[in-house]
There are 2 protein chains.
Amino acid sequence: MAKNGNISTSVIKRLPRYYRFLGELEKQEVERISSRELSEMMKLTASQIRQDLNCFGGFGQQGYGYHVASLREEIGRILGVDKDFPTILIGAGNLGKAIAMHINFGTRGCRLVGIFDANPRLTGETVGSIAIRHTDEIEEFCNEEHPVIAVLCIPKANTQAIADKLVELGIKSFWNFSHYDLTIDHKGIEVENVHLGDSLLTLTYRTNQLGKVEEE
Amino acid sequence: MAKNGNISTSVIKRLPRYYRFLGELEKQEVERISSRELSEMMKLTASQIRQDLNCFGGFGQQGYGYHVASLREEIGRILGVDKDFPTILIGAGNLGKAIAMHINFGTRGCRLVGIFDANPRLTGETVGSIAIRHTDEIEEFCNEEHPVIAVLCIPKANTQAIADKLVELGIKSFWNFSHYDLTIDHKGIEVENVHLGDSLLTLTYRTNQLGKVEEE
DNA sequence: TTGCCTTTGTCAAATAATTAACGGATAATA
DNA sequence: TATTATCCGTTAATTATTTGACAAAGGCAA
């Protein structure tokens with residue numbers, strides 16, 4: 001069934017969105033849905049939905065459509081929501097705390113097991129149910145708990161050095177919020193750079209264009 | 001010079017990254033740079049850089065390259081960093097506060113002028129230098145201050161209704177962090193949906209794939 | 001059961017994005 | 001000043017992505 005032979009990133013980036021919409025449908029107790037109906041909800045083409053889903057296997061049935069619950073489960077499995085990757089967060093400033101509190105790691109295949117900050121005044125303070133540790137403790141912690149994913153909410157100046165050190169300590173993936181383009185040369189390491197500032201800037205651009213259109 | 005006739009979103013999404021790298025180069029007092037050098041830094045092709053920049057005009061010079069400071073200024077102008085769009089933020093929970101504190105709106109063509117929350121216990125509390133107002137005051141505030149951009153850090157259940165209301169009050173652009181795909185049917189309205197959860201899920205997927213590669 | 005309607009999976013076509021190639025302009029150097 | 005190497009802007013080729021089309025499979029109603 002799973003013909004999982006290198007899927008394009010365009011497809012992968014759409015999967016979480018399918019997963020969310022199917023979750024909503026499941027909540028609304030919708031049992032089945034056709035690619036056409038789903039395409040109207042999600043504002044994309046039915047063809048694209050069928051193409052995307054077919055990268056992983058034939059989850060649908062002619063004349064019927066897709067069974068919402070099982071399709072959602074399949075996509076979840078593909079994404080890895082059933083996994084339990086131990087995850088640490090470095091940098092418990094405004095953003096770090098907010099990420100720790102606001103993101104539901106558990107429903108996304110991750111488990112937040114440690115929070116670290118270089119500021120000793122934060123040591124011992126708890127975020128959610130997790131106590132902030134000093135960054136000096138990272139090495140020992142990694143040797144014991146073997147976290148796989150690191151969330152970086154630290155100043156850009158430190159990011160590369162800390163990331164390199166974390167790779168040595170066994171971290172495989174970085175979710176990087178620092179204002180820095182993290183790249184790791186080792187292969188077998190994944191990096192997701194977020195760059196909220198860039199996101200806002202593209203909105204500024206489009207907002208600015210709106211004004212220009214009006215002028216014409 | 002500016003041959004600004006509908007630029008593809010692929011290009012637009014790369015502009016903030018160019019802008020950042022050029023900023024770093026300027027800080028390091030690098031005066032000029034060639035597309036080849038920049039391509040090595042940014043890990044993309046020189047051809048793409050030249051192609052991208054040429055959407056807006058010939059900023060470079062043969063045999064010399066690009067003048068860092070003026071190229072950065074040009075890209076900044078294209079993005080609209082010199083603008084001053086009044087911006088409000090709705091929802092002063094963990095994430096809302098962190099965004100308000102962490103994002104430098106001023107360097108991105110925006111000015112944060114108001115923060116609102118439905119919880120009356122937060123009213124009067126300040127975030128940075130801005131006092132939190134109750135959401136009941138939004139209408140009056142918009143009529144007086146005419147904000148253009150709204151940052152939404154609210155629960156998904158309220159998002160569409162609040163956004164629709166804000167459109168009536170003159171908001172043109174939404175930077176939406178709520179776990180909901182905001183769409184506005186009016187044209188002349190821009191939406192940037194962030195979806196941090198989706199970003200993490202794609203990392204979970206890739207982390208999971210790493211494990212599978214090892215097994216082979 | 002029969003026939004019609006729906007809808008998928010897949011292949012082909014169209015569109016978009018990226019990369020390569022190269023002429024011509026400029027800088028650097030002797 | 002002449003020569004060589006650099007490097008942009010642009011066009012063409014390649015690759016990737018999206019959309020359209022349709023046969024085959026299955027649902028549904030009579």
Side-chain angles (χ1 to χ4, degrees), chain A residues 1-18 21-22 25 30-75 78 202 205, chain B residues 1-18 21-22 25 30-75 78 202 205:
Chain A
M1 189 177 281
K3 35 176 160 173
N4 193 338
N6 71 323
I7 310 297
S8 80
T9 54
S10 318
V11 175
I12 299 302
K13 281 195 284 185
R14 280 192 293 269
L15 288 184
R17 190 151 176 266
Y18 290 129
F21 273 82
L22 290 165
L25 287 168
V30 177
E31 207 170 84
R32 52 181 267 195
I33 194 158
S34 70
S35 58
R36 188 186 47 74
E37 290 170 299
L38 192 57
S39 75
E40 281 163 16
M41 283 181 57
M42 297 185 64
K43 317 225 166 180
L44 33 84
T45 65
S47 190
Q48 179 161 71
I49 292 174
R50 294 203 297 278
Q51 192 97 294
D52 283 353
L53 298 181
N54 251 92
C55 294
F56 303 98
F59 302 136
Q61 196 166 38
Q62 281 107 324
Y64 175 88
Y66 298 87
H67 186 259
V68 171
S70 26
L71 179 58
R72 177 165 184 270
E73 206 187 321
E74 287 285 0
I75 294 178
I78 291 161
T202 62
Y205 171 84
Chain B
M1 189 175 277
K3 34 177 160 172
N4 193 338
N6 72 322
I7 309 299
S8 80
T9 55
S10 318
V11 175
I12 299 302
K13 282 195 285 186
R14 280 193 292 270
L15 288 185
R17 189 152 177 266
Y18 290 130
F21 273 82
L22 290 165
L25 287 168
V30 177
E31 208 169 84
R32 52 181 267 193
I33 194 158
S34 68
S35 57
R36 187 185 48 74
E37 289 170 300
L38 191 56
S39 74
E40 282 163 15
M41 282 181 58
M42 296 185 66
K43 317 226 165 179
L44 34 83
T45 65
S47 190
Q48 180 161 70
I49 292 174
R50 293 202 299 275
Q51 193 97 289
D52 283 353
L53 298 181
N54 250 92
C55 294
F56 302 98
F59 302 136
Q61 196 166 36
Q62 283 109 322
Y64 175 88
Y66 298 88
H67 186 260
V68 171
S70 26
L71 179 58
R72 177 165 183 270
E73 205 187 321
E74 287 285 0
I75 295 178
I78 291 161
T202 61
Y205 171 82

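A, B, ... follow the sequence lines: proteins, then strands. Residue 1 opens every chain. Any value given below was found using the heavy atoms of this structure, including those in side chains, with hydrogens, waters and symmetry copies removed.
Contact annotation: T45(A) reaches the phosphate of dT19(D) (side-chain N/O to OP1 or OP2, under 4.0 Å). A sub-4.0 Å separation between OP1 or OP2 of dT17(D) and a side-chain N or O of S10(A) is present. Side-chain N/O atoms of R50(A) include one lying less than 4.0 angstrom from OP1 or OP2 on dT8(C). Look at N54(B) and you'll find a side-chain N or O under 4.0 angstrom from OP1 or OP2 of dT10(D). Between Q61(B) and the phosphate of dC8(D), there is no side-chain N or O to OP1/OP2 separation shorter than 4.0 Å. Regarding contacts with the backbone of dG9(D), a side-chain N or O of Y66(B) is found under 4.0 angstrom from either OP1 or OP2. At least one side-chain nitrogen or oxygen of R14(A) sits closer than 4.0 Å to the OP1 or OP2 atom of dT18(D).
Atom-to-atom, CG of L71(A) to C1' of dT8(C) comes out at 13 Å; the value is rounded to the nearest Å. A straight line from CG of L53(B) to P of dG9(D) spans 8 Å, rounded to a whole angstrom. With rounding to whole Å, D52(B) atom CG is found 14 Å from dC8(D) atom C1'. Rounded to an integer number of Å, the gap from I49(A) CD1 to dT18(D) P is 13 Å. Atom NE2 in H67(A) sits roughly 16 Å away from atom P in dT7(C) (whole-Å rounding). The nearest whole Å value for the distance from the CZ atom in F59(B) to the C1' atom in dC7(D) is 17 Å. If you measure from atom OH of Y64(B) to atom C1' of dT29(C), you get 18 Å, rounded to the nearest angstrom. In this entry the distance linking CD1 of I12(B) with P of dA17(C) reads 11 Å, nearest Å.
Contact annotation: side chain of S8(B) to base of dA16(C), donor-acceptor pair absent below 3.5 Å. The base of dT8(C) sits within donor-acceptor range of the side chain of Q62(A), with an N or O pair under 3.5 Å.
Taken to the nearest 0.5 Å, the OH atom of Y66(A) stands 7.5 Å off from the CG atom of L71(A). Atom-to-atom distance recorded for R14(B):CZ and I12(B):CD1 is 10.0 Å, nearest 0.5 angstrom.
By the side-chain contact (heavy atoms from CB on, under 4.5 Å) test, E37(B) is found to be paired with I33(B), S34(B), residues two or more places apart in sequence or in another chain being considered.
Among residue pairs with one or both ends in residues 56-68 of chain A, none qualify as salt bridge (charged side-chain N to carboxylate O under 4.0 Å, His left out); sequence neighbours excluded.
Only S34(A), S35(A), R36(A), listed by number, bring a heavy atom of residues 31-39 of chain A to less than 4.0 angstrom from any atom of DNA chain C.
Closest approach to the Q51(A) side chain among dG27(D), dT18(D), dA27(C) is made by dT18(D) (side chain taken as heavy atoms from C-beta onward).
Other residues, nucleotides and ligands place no more than 12 heavy atoms under 6.0 Å from the CD atom of E73(A).
Looking at R17(B), its side chain does come within 3.5 Å of a backbone N or O of M42(B) through a donor-acceptor pair.
Residues F59(B) and S70(B) are not in side-chain contact: their nearest non-hydrogen atoms beyond the backbone lie 4.5 Å or more apart. Contact of the L53(B) side chain with the I75(B) side chain is registered, since non-hydrogen atoms from C-beta on lie closer than 4.5 Å.
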